[in-house]
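In what follows, chains are A, B, ... by sequence order, proteins preceding strands, each numbered from 1.
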Amino acid sequence: MEEKRFSPTESLSLIESMIKQAKSAERNNGLGWILWGWLLFGTSVGYYMAILAKWPYRGYIWPAFGMAAIALMLYTFLGRAIIKHNAPVKTYTSQLLGKLTLAFFISLMIFTYGNYATGVDRNGLNFGYLLVLYAIWMFIFAAAFQFKWFYWGAAFNWLGAIIIFYYKEKLGAEILLVHAACVALGYLIPGHIAYYQFNKTTAEKK
Amino acid sequence: MDFKELDPILHSQLRLAVISLLIGVKEAEFTFIKEKTNATAGNLSVQINKLKEVGYIDVIKQFKDNYPQTICKITPAGIKAFENYVKALQSYLPK
C-alpha cells in the first residue's frame with residue numbers, strides 16, 4: 001500500500017474495506033467440534049454396544065468420557081494461557097466465545113455430576129437436556145461466525161431432544177443412538193465442513 | 001459549508017488502514033497487518049512507529065518460538081482519534 005493523500009470518499013472506502021478484512025479474521029477451524037463430536041459419538045455408540053453385549057465394565061465408560069472431556073478442556077484453556085499469542089490476530093468475538101466454551105464445559109460437568117449424585121436420570125432423559133445445551137452453544141457459534149451449518153447443527157440437536165422427550169417410553173437404550181445421531185449431524189458434519197473450508201481458504205491465501 | 005480538520009496522522013492511507021484494522025480486533029500481529037494492508041515491512045514499520053509515537057496504538061515486542069513477534073493494539077486515544085476522524089470525514093460528504 002502506497003503512502004499517499006486521498007479524498008474523504010476514498011478514506012471511507014478504505015475504512016470499510018479494512019473493517020471487512022478484520023471481520024474475515026473471525027473464522028472457526030472446526031477442530032474443536034470434530035474432537036468433541038468424535039468423543040461424544042464414540043462414547044454414545046460404545047456405551048450402547050456395551051449394553052447390548054452386557055459388558056460388565058460398561059459403568060466406567062461415561063466416567064472415562066468425563067475424564068477425557070476434562071483433559072480436553074484443560075489442554076484447550078491451559079494451552080491458551082501458557083502459549084501466548086498463538087493466533088496472528090485476537091478478536092473480541094474469539095475472546096467471548098472462548099469464555100462461553102469454558103462456561104459450557106463447566107455447566108456440562110456440573111450437569112453430569114448432578115446426574116450421578118442425584119440418580120434422577122433412570123431412563124436416559126438427561127440426554128435430551130444435554131442436546132438442548134449443545135444446541136444453544138452451537139447456535140451462538142453459528143451467529144458469531146455466520147456459518148449456516150452450525151445453525152443446522154443446533155436444529156438437529158433441538159430435534160433430537162424433542163424426539164427423546166416424545167418417545168421416552170419406547171426408546172430405552174436407543175436414546176444413546178438418537179444422541180449419537182444428533183452429535184454426528186449436529187457436530188461432526190458441520191465441524192468437518194468448517195475444517196475443510198478453513199483449510200481451503202488458508203491454502204488459497206498462500 | 002463548515003469543514004472539520006482531518007487528523008493529519010490518520011489522513012494517510014496506510015496509517016488509516018492500520019487503525020481501521022485494529023479498531024475491529026483486540027490485537028493483531030505485525031504479519032497479519034502486513035498481509036491485510038499489502039504494505040511492505042519497512043513502510044509498515046515506519047507508519048506503526050508514527051502511530052505509536054502519538055499514542056494511538058500500543059506495540060508489544062516479544063519472542064515466540066525464538067522468533068521476534070510484534071503485536072499491535074489500539075489505545076483509547078486511538079479509538080477517540082478514529083471516531084473524531086470519521087466525524088470530520090462526514091462534514092466533507094454531500095448530505
Side-chain angles (χ1 to χ4, degrees), chain A residues 1-29 76-102 141 143-146 198-206, chain B residues 3-8 10-44 46-47 50 60-65 67-74 82-83 85-94:
Chain A
M1 191 176 279
E2 292 296 318
E3 182 61 13
K4 62 174 187 181
R5 298 282 167 181
F6 55 143
S7 73
T9 314
E10 284 173 321
S11 291
L12 281 176
S13 304
L14 178 66
I15 291 167
E16 194 184 347
S17 150
M18 284 298 119
I19 288 172
K20 275 186 188 164
Q21 292 275 5
K23 188 82 186 154
S24 72
E26 284 169 356
R27 295 185 301 143
N28 186 276
N29 65 10
T76 306
F77 289 98
L78 289 180
R80 269 186 206 162
I82 294 165
I83 306 162
K84 287 181 181 174
H85 303 298
N86 199 25
V89 61
K90 280 187 181 176
T91 66
Y92 292 103
T93 307
S94 65
Q95 192 183 31
L96 180 69
L97 291 177
K99 284 178 180 169
L100 175 74
T101 303
L102 180 63
F141 268 76
F145 292 108
Q146 289 296 303
F198 182 87
N199 286 336
K200 194 181 163 196
T201 316
T202 309
E204 280 169 359
K205 280 182 180 176
K206 283 179 182 173
Chain B
F3 293 114
K4 291 178 183 170
E5 194 185 346
L6 292 171
D7 183 342
L10 291 185
H11 198 57
S12 133
Q13 198 167 9
L14 186 48
R15 288 195 293 270
L16 182 61
V18 172
I19 285 287
S20 303
L21 201 56
L22 291 178
I23 199 97
V25 300
K26 191 172 177 242
E27 57 188 41
E29 264 187 39
F30 182 87
T31 49
F32 174 83
I33 301 170
K34 182 173 168 285
E35 181 200 319
K36 297 294 178 190
T37 57
N38 288 322
T40 62
N43 191 12
L44 182 60
V46 170
Q47 304 311 327
K50 282 186 184 170
I60 305 155
K61 289 183 188 280
Q62 60 185 32
F63 281 88
K64 176 187 158 190
D65 301 331
Y67 287 97
Q69 186 186 38
T70 304
I71 293 158
C72 302
K73 189 177 178 178
I74 195 163
F82 181 78
E83 286 171 352
Y85 180 79
V86 173
K87 273 182 199 164
L89 268 186
Q90 286 167 348
S91 69
Y92 288 84
L93 298 172

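Contact of the B/Leu21 side chain with the A/Val89 side chain is not registered, since no non-hydrogen atoms from C-beta on lie closer than 4.5 Å. You'll find the side chain of B/Thr37 reaches within 4.5 Å of the side chain of A/Met18, heavy atoms only.
With a 4.5 angstrom heavy-atom cutoff, A/Gln21 touches chain B via backbone and side-chain atoms both. With a threshold of 4.5 angstrom between heavy atoms, B/Phe82 approaches chain A through side-chain atoms but not through N, CA, C or O. Only the side chain of B/Val86 has a heavy atom closer than 4.5 Å to any heavy atom of chain A.
Judged as a salt bridge (Lys or Arg N to Asp or Glu O under 4.0 Å), and not counting sequence neighbours, B/Glu83 has no contacts.
Checked by atom type, the side-chain pair A/Ser11/B/Tyr85 shows a donor-acceptor distance below 3.5 Å.
Shortest non-hydrogen contact noted between A/Ile15 and B/Ser20 is CG1-OG, 3.4 Å. Of all the heavy atoms in B/Tyr92 and A/Pro8, the pair that sits closest is CB-CG, 3.5 Å.
Between the NZ atom in B/Lys36 and the NZ atom in A/Lys20 there is a gap of 13.5 Å [rounded to 0.5 Å].
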